[in-house]
Every structure is written in structure tokens, then in C-alpha cells.
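Bear in mind that the values here come from a model prediction, so they are computed numbers and not experimental data. For the single chain, residues carry numbers from 1 onward in sequence order.
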Amino acid sequence: MTVHRLSPKILSAMEGAVGQSGVAIDTAGMAKYLGDWSGDHRGGALAVLKPASVAEVQAVVRLCGALGLGIIPQGGNTGLVAGAIDIETRGAVIVSLERLNAIRLVDADNFVLQADAGCILQTVKDAAEAHDCLFPLALGAQGSCQIGGNAASNAGGINVLRYGMARDLILGLEVVLPDGELWSGFSGLRKDNRGYDLKQLFIGSEGTLGIITGVELKLFPKPIRVETAYLGLASFEAAIALFRQARRASADLMSAFEIIGSECIELARLIDADISSPVEAPVHVLIELSASAAVELRTLLVDFLAGAMESGLVTEAVLAESSAQARSFWAIREGLVEGQAKRGYHVRTDLAVRISDVPALVDQARRFVGLDHPGWLPQAYGHAGDGNIHFNVLPPAGLAESEARAQGADITGGLYRIADALGGSISAEHGIGRTRNRAFWAGLAPTHRRLVTALKDALDPQGLMNPGCLLPLTETSS
């Protein structure tokens, strides 16, 4: 058993803050907190602290501030950009919110839910459903990611098209500030125009400005009708054209519009060999409509698809005849992500462009990989109805991982340049973390840099909150 070096006095102070069971300093006790879901990164830490109350979070922050120790807030650790693990200094303290996990309030009359930051997203969704409501944030990791982490990373997912990103679903936050003070922005109000909207500072800040300890969320009426279809199309251009028509025809009842390049299907079969694609076409589309009232969704969807097939825009269409069949459609979308992870290291991007530029992004990215990196296998899929494409690239079989990572860095840079040239973003929903911090910083205009630095310095003058995340250490070191 390896134990990291902490003086008895500091260890005693940590145990005084969170209890002996809330401190881990040995290799075995810290192991699960030092790697992210991707498996691409392993970090280190001086200790892992697990507060069980807001007061204990405050005590931890004050203690770390007095000792000058970096603090890395950690939720479910399902991120993909090393935002919650220290892969650089390895001398910070990880603060896990896993024990701060209660549903505080469900107010179905006002469609409001309050939860501790450590609540698993699925627990939040289940609590809403128990009151005949919907919390629409939906991610592949919803069985393990935490709602505080969702807020800190401004999570996206499959329902952004209709309900927006995490920041659009948050009414208020409770945050422990870098000095240990507690700020609460809970009010339950849908409209509140009293000056600065402080919660927005912390949403998407990735733990660099404070530790989110509580979240106040918007709920919606639970849908009573859902219709799902799996479609085949000839190209990404056809898919985006279909999206434009579907958005207008569905009267804002469309909750998801996912595009999958046919090359991705084999990856899903790595997770479930029995997965069968409902269509045979170069591009697949998953479309879902939902309503909380007695709307004839099926008639709406059938009529729309009949017109799309008659015009030649859609070449094949399969409507789900049951919830089980609908789940089998979604299993393809979810399985391909797990299948890529099973393949091991690969280039993983999270690009965003204007919706109309999605076909150009995919076309240029495929051409770049094919010409400059032959043998690498592009995989294009995503929430294209909001302009977000995950353009991932698998290394050739048998390529040594060290060489794959070296070439992968070049591929990543090239894909970022393509997105940038289209006026897009290198991060649609995964955040910046530590793997993208230099690319993020290099892409900022001087005025933007000045504002980011001023905000960080004002709220976290010691620079102890998630050091190296979002902002490179070289930009925050004195």
C-alpha cells in the first residue's frame, strides 16, 4: 500500500474536517478517483476528501486555502477532458461530492427540484418522474454522473434541441466560494431581473471558481406520448435538409435528432453482437417527438416522413411500434460510444458549428484524415440538430499506442483548425478540462483573455480552485 506524504498534523486536520472515513490517502483508496471514464488519463493527488455536508465542504475549502493546496472538485468523474483529475502537478486535493447526495425538495406545483450536487443524474430524473414530472437532461452517463458536475460542465446530451443545455435547466445554485463562504442563489423564480445572474458564472466554469454544493432545477410536465423513428439517408447534406423540414413540421415537439454515419454501426456491435441496424444507408437518423398532451404525434410523424420519402430525401424509415423497439434504436446510438472506448485510445472530438455547416465539417474532416492520415478510421455522429458533431478517429489496427497518441495529437489539431475556420467551437458539450486548455487559451482574443483572467483573479485570487483546468497553469501562476 502506497501512502502519499502528509504530515500527521495536516492529516489530522483533514480528518477533523470530514471525519476519518472521509479521507483517502492510500493508493487503493484513491484509485477510482484518479482516472476518468475515457481511460485515456490517470492523475495523482495528495489526498481524496469526501465531505458529507455543505459545512464540511466549507471546512475543506478553508483548510486547503490556509495550507495553499489546490482543490479539484469531482462529481461522478465521467468527463472526457481530464477536468476532475490532476494529470499535471499531482499535488492537489480531490474533493469528491459523492456523499452529498440527497434530493432536497420536489415542488411539482411550481415544477422545481432542489438536490445536493452529488446526486446522480438518474436519481434526479427518477425523483422528478415520481411526481409526474420530467427533468430532461439525458446523457449516456446519467447512471453515474452527478448533477453538480452536470452544472459545472454545462452538460448537453440528446435533448438540447428542445430543452437546452444544463444552463437552460438551472434556476439556482448553491456554491462554496474559494474563501469558504457560502453563496446561495435558490429562489424558485423563473423570472428575476435583479442585476447580475451570478449562477451563470459557475455553470460551465468546471470548478475553477468554486464548488457547487446544491442545484435548483426546472421540471417539465412528463410526456405521455413519444414517437421514435430510425431513418436512412444518402448524406449528411440530406440529413440537415431533413432536420430543417422536421423542425418546422413538428411544431417544437421534436426532442431529439441524432445523426450517425453508417461506419459507426460496427462499433455498437462490439458492445452487443445482436444489434441490428434497421436501415442500410450511408447516414442514419434517429428522430424523436414527444408531448405531454393528447397530440397525435404518430400521425404527424407518419405524414412528415411520407412526404420526405416521396421527395427522395429519406430512403428508408422504420417507426418504433413499441417502447422496446424504440430502446433498441437508442441502443445503437449509445453502444457506438462504448464500442469506441472498447477499441482503446482514439481521437475524440466534440465540435460545434452552425447547423448549416455540419455537412461541410464532416466532409472537410473526412478529407483531411484520408489525405494526411491514411489508415485512420473516421467516425462521425452526434446531436446534429444543435450543430454538435463528435468526429472521432480510430487508429489503424496494430499501431503502437505511443505512436497513435503522437499522430492523434496532430489529427486533433487539424480537426480543431477545420472547426475554427468554419466559425465553430472545439467544445460543444464536454468542456475544456486539462486536455484542451492550451487550444482554448490560444484561440481567445486578447480582450476575452483579459476578462477571463480578471474573473478568475477576482473570485479565486490564490488560484487554488481546480488549477490547470480551463486555464493553463502557466496563465494562472504568479
Side-chain angles (χ1 to χ4, degrees), residues 158 161 227-250 254-269 275-289 300-320 325-326 328-337 339-340 349 351-371 374 376-394 415 418-419 422 424 428:
I158 62 173
L161 182 61
E227 294 292 343
T228 309
Y230 198 103
L231 315 175
L233 295 93
S235 65
F236 273 78
E237 288 86 352
I240 294 303
L242 180 73
F243 167 75
R244 293 192 194 100
Q245 295 181 13
R247 190 69 189 270
R248 293 181 181 278
S250 66
M254 184 164 55
S255 52
F257 190 94
E258 298 285 308
I259 298 181
I260 304 169
S262 60
E263 69 276 6
C264 301
I265 304 303
E266 286 304 314
L267 292 169
R269 294 195 179 107
I275 280 181
S276 176
S277 174
V279 303
E280 295 292 336
V283 174
H284 301 191
V285 166
L286 248 175
I287 183 171
E288 184 173 276
L289 308 184
L300 178 65
L301 185 56
V302 167
D303 289 349
F304 167 70
L305 291 178
M309 293 189 75
E310 185 176 348
S311 69
L313 198 56
V314 173
T315 59
E316 299 177 72
V318 180
L319 270 68
Q325 189 175 18
S328 74
F329 293 169
W330 283 108
I332 297 172
R333 174 63 176 86
E334 294 160 4
L336 68 90
V337 178
Q340 288 174 98
T349 69
L351 308 174
V353 292
R354 288 177 292 273
I355 297 170
S356 60
D357 288 332
V358 165
L361 172 67
V362 174
D363 181 62
Q364 291 178 32
R366 283 175 169 169
R367 189 182 310 121
F368 158 67
V369 172
L371 291 175
W376 286 70
L377 306 174
Q379 311 287 314
Y381 64 95
H383 324 298
D386 54 33
N388 177 193
I389 288 292
H390 301 291
F391 193 93
N392 299 347
V393 195
L394 307 181
L415 295 175
I418 291 170
L422 290 169

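- Under the salt bridge (charged side-chain N to carboxylate O under 4.0 Å, His left out) criterion, Arg248 pairs with no residue, sequence neighbours left out.
- Counting only heavy atoms from C-beta outward, the side chains of Val302 and Glu227 never approach each other to under 4.5 Å.
- We find the CZ-CD1 distance between Phe329 and Ile287 to be 12.5 Å, quoted to the nearest 0.5 Å.
- In this structure, Leu242 CG and Ser311 OG are separated by 8.5 Å, a value rounded to the nearest 0.5 Å.
- Heavy atoms only, all atoms of each residue included: Ile355 and Ala384 are closest at CG2-O, 4.1 Å.
- Residue Ser277 comes nearest to Val279 through the heavy atom pair OG-O, 2.7 Å, listed as atom of the first residue, atom of the second, then distance.
- A side-chain contact (heavy atoms from CB on, under 4.5 Å) with Val358 is found for one member of Leu422, Ile389, Leu351, Asp363 and no other, namely Ile389.
- By the 4.5 Å heavy-atom criterion applied to side chains, Val318 and Gln325 are counted as neighbours.
- At a threshold of 4.5 Å between non-hydrogen side-chain atoms, the residues Arg333 and Ile260 count as touching.
- In this structure, the separation between CE on Met309 and CG on Leu233 is 9.5 Å, given to the nearest 0.5 Å.
- If you take CD on Gln379 and CG on Leu394, they are separated by 4.5 Å, rounding to the nearest 0.5 Å.
- Here the straight-line distance linking atom CG of Leu267 with atom CD1 of Ile275 works out to 10.5 Å at 0.5 Å rounding.
- Contact between Phe243 and Gly385 at its shortest, heavy atoms only, is CZ-O, 3.3 Å.
- Taking the six-membered ring where the residue is Trp, His390 and Tyr381 present tilted rings, their angle falling between 30° and 60°.
- A 4.5 Å side-chain heavy-atom check between Leu286 and Ile158 finds every atom pair outside the cut-off.
- In terms of heavy atoms, Leu371 sits closest to Pro374 at O-CD, 3.9 Å.
- Not one N or O on the side chain of Asn392 forms a donor-acceptor pair closer than 3.5 Å with the backbone of Pro378.
- Residues Glu288 and Trp330 are in side-chain contact: their nearest non-hydrogen atoms beyond the backbone lie under 4.5 Å apart.
- At least one side-chain heavy atom of Phe391 sits less than 4.5 Å from a side-chain heavy atom of Leu415.
- Contact detail for Ser250 and Leu289: the closest heavy-atom pair is CB-CD2, 4.0 Å.
- At a threshold of 4.5 Å between non-hydrogen side-chain atoms, the residues Arg366 and Phe236 count as touching.
- Here the straight-line distance linking atom CD of Gln245 with atom CG of Leu305 works out to 10.5 Å at 0.5 Å rounding.
- Not counting sequence neighbours, the partners of Asp357 by the salt bridge (charged side-chain N to carboxylate O under 4.0 Å, His left out) test are Arg354.
- Of the listed residues (Glu258, His284, Glu316), just one forms a side chain to side chain donor-acceptor pair (under 3.5 Å) with Tyr230, and that residue is His284.
- Residue Thr315 comes nearest to Ala281 through the heavy atom pair OG1-CB, 4.2 Å, listed as atom of the first residue, atom of the second, then distance.
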